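Only one structure is covered here, and it is reproduced in the block below.
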Amino acid sequence: MKTTMLFSIAGIAVFFIGLYCLMAYRHLLKKIIAVNVMGTGVFLFIVSIAARANILQPDPVPHAMVLTGIVVTVSATAFGLALFKRIYYETGKPYLDNEDK
Amino acid sequence: MPLADQWMVWSIIIPLIGAAIFFLLKERHHTIIVIISLLTLLSTAGLAFNVWKTGSQFHYAGGWQPPLGIVLYADGMSILMMLMTALVGLSISLYALRYFSDKRSLKFFLPLWFFLWASLNALFLSGDIFNIYVTLELLSLSAVALVTVSSQQDTSQRRDAVFAGMRYLLISMIGSLCYLLGVALLYAGYGVLDLKLLSEVIAPSPSVFAAITFITIGLLIKTALFPLHFWLPPAHANAPAPVSAVLSGLVVKASFYLLVRLWFGVFSFALSSESGLFFGLLGASGILWGSFFALRQKTIKMLIAYSTVAQIGYMFLLFPLAADMPSLWGAMAMNAGIYHLISHAFAKSSLFLCSGNIILAFGHNRIDGIGGIAKHYPLTFSALGLSGLGIIGLPISGGFIAKWQFLTASIGSGQWWWAVIIITGSLMAAVYIYIIWSRIFAPLENDIVLNPVPKSMEILALFLSLISIFMGLTAEPVLQMLHIGRHF
């Protein structure tokens with residue numbers, strides 16, 4: 001029981017670490033990675049609740065949720081990278097603030 | 001199951017099939033676009049007719065019942081949202097055919113737009129918190145991609161669109177992940193995802209309040225409520241006009257719809273005068289902030305986008321006023337909020353389509369250089385006038401009914417301070433709409449050559465603005481529809 005709790009707390013902690021990085025860094029690649037870290041935190045949390053009731057017979061529904069979440073995050077990341085590439089190609093800078101032209 | 005029972009499924013599947021077809025098609029096929037749009041409208045209308053006749057309806061996807069299966073649920077509120085989407089959607093589809101002059105943009109626009117339509121319908125019908133997450137993500141991804149669809153000619157505009165899209169993507173990912181974390185917390189507590197089952201077992205506890213907080217923040221980010229609105233104006237103003245119309249008219253409404261659905265259903269135990277006040281204060285700040293910045297804009301699209309921030313604020317006044325729902329004033333505020341949402345959708349999408357016409361005609365949308373519209377584009381001019389009435393909320397428009405009910409509810413329930421905000425906001429709206437109106441009467445500047453605007457684009461803008469006015473005349477059936485089967 002205690003290990004799954006630890007995973008749950010770790011998941012939420014990872015989520016907030018990702019959120020912090022997303023706001024703290026200007027580099028777009030770092031921002032995209034930060035979003036992925038946030039997602040991983042949520043997924044870790046969801047996986048940990050699957051084992052909560054009975055560690056030998058985990059609940060399959062959270063697994064299905066995580067799989068769906070991963071698919072969504074992968075596609076969002078791919079799209080984010082494509083946008084990043086376009087921004088870098090157009091401005092030569094990997095940043096969002098376009099004041100310095 | 002007979003075919004008519006499956007209108008719900010058709011309303012999601014038809015636009016999805018359409019999107020897939022448009023990915024494969026090389027040439028633009030106007031008839032296919034019109035057919036798919038009409039079929040989606042038809043399936044929505046069929047579903048609306050069924051709900052009107054027999055009350056709210058369930059559909060168990062694949063025949064699996066909850067808790068394992070996913071349930072689709074249609075009641076009066078979801079039907080109104082879907083009808084609104086279908087009417088705006090049909091106009092957008094037809095408008096885009098003319099607006100995107102180069103084949104390449106249209107090729108990207110069409111599949112994304114029909115994906116977005118399908119995910120909106122799926123979102124309005126979802127009866128399951130995880131399924132809502134999936135539809136939210138589909139909606140956000142197609143919306144972000146649509147922002148970045150722009151014509152190739154104008155490099156600086158294309159660049160702004162890519163920047164706005166990137167910002168929009170990151171912010172909406174934060175929103176989605178917050179929402180998902182909330183869902184996970186709820187699942188950890190109760191082991192169900194179905195809204196109806198959840199509302200039976202949910203009880204106040206620290207983890208439930210944490211879940212409500214995450215879900216609410218996630219949805220507020222996506223609705224762009226002040227102070228989480230900063231991403232909206234650049235995204236909505238830099239997108240192509242039909243996309244702006246969809247984003248301002250429909251997409252921000254979807255997450256607001258979810259907030260209403262959840263807070264007045266599953267989370268209703270958490271709805272108190274304090275939480276209502278929280279939403280109300282943010283809404284009121286949004287009204288003042290958005291209107292103030294709308295006054296200072298130099299281009300029409302930016303002005304309309306800031307006006308959206310303000311108009312979103314009005315919808316949130318629903319929470320403090322309707323917090324004690326059984327009362328007469330609460331019910332009236334609920335009507336006002338939903339009515340405002342719908343009439344704003346028509347008025348705002350019409351305004352954005354007008355801005356598209358202006359861009360096509362003048363090659364820009366700076367407010368100080370649009371003289372001559374009244375004389376040369378009378379249809380666009382009328383559309384600007386009528387939808388402006390709706391945004392300000394002057395009598396005979398749908399916006400008037402909504403604001404009048406808001407005012408009555410706030411004074412009736414003794415919360416007069418919201419009435420002050422509503423009136424101030426309306427006055428400011430009158431000023432920023434007047435800024436546009438005052439310029440369109442100006443004579444055409446001498447050296448400007450106007451481009452022709454296809455009649456159909458002007459007629460579609462006028463069509464939507466006429467609906468927003470028409471809503472001021474037929475409130476009764478709409479409000480009756482809203483109250484069909486609302487039990488969570």
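Below, read A as the first sequence line, B as the second, and so on, with proteins coming before strands; counting in each chain starts at 1. Since this is a predicted model, take the numbers as computed values, not measurements.
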Can you list the steps and then say if B:Glu137 with A:Thr73 is a side chain to side chain contact (heavy atoms under 4.5 Å, CB included)?
-> CA-CA 9 Å; B:Glu137 282 287 27; A:Thr73 316; 5.9 Å; no
Evaluate side chain to side chain contact (heavy atoms under 4.5 Å, CB included) for A:Val72 paired with B:Tyr133, printing each intermediate quantity in order.
-> CA-CA 10 Å; A:Val72 170; B:Tyr133 162 74; 3.9 Å; yes
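- Contact annotation for B:Val134: only side-chain heavy atoms (C-beta onward) come within less than 4.5 Å of a heavy atom of chain A.
- Pairing each heavy atom of A:Ser75 with each of B:Leu141, the nearest pair is OG-CD1, 4.4 Å.
- For B:Phe214, the part lying near chain A is the side chain, with the backbone staying farther off; criterion is any non-hydrogen pair under 4.5 Å.
- Summarising the geometry, atom CZ belonging to A:Phe79 is positioned 11.5 Å from atom OG belonging to B:Ser140; distances are rounded to the nearest 0.5 Å.
- For B:Tyr306, the ring pair (Phe, Tyr, Trp, His ring centres under 6.0 Å) partners at least two apart in sequence or on another chain are B:Phe293.
- Rounded to the nearest 0.5 angstrom, B:Phe163 CZ and A:Glu90 CD are separated by 8.0 Å.
- At a heavy-atom cut-off of under 4.5 Å, chain A is reached by B:Leu170, B:Met173, B:Ile174, B:Leu177, B:Cys178, B:Leu180, B:Leu181, B:Val183, B:Ala184, B:Leu185, B:Tyr187, B:Ala188 from residues 170-192 of chain B, listed in order of number.
- Closest of all the heavy-atom pairs between A:Ala76 and B:Leu169 is O-CD2, 3.9 Å.
- Using a 4.5 Å cut-off on side-chain heavy atoms (C-beta onward), A:Ile87 and B:Arg159 make no contact.
- Using a 4.5 Å cut-off between heavy atoms, A:Tyr89 does not touch chain B at all.
- Within a 6.0 Å radius of CZ in B:Phe230, other residues, nucleotides and ligands contribute more than 12 heavy atoms.
- Atom CG of A:Leu96 and atom CE of B:Met166 lie 6.0 Å apart (nearest 0.5 Å).
- A 6.0 Å sphere centred on CZ of B:Phe209 holds more than 12 heavy atoms belonging to other residues, nucleotides or ligands.
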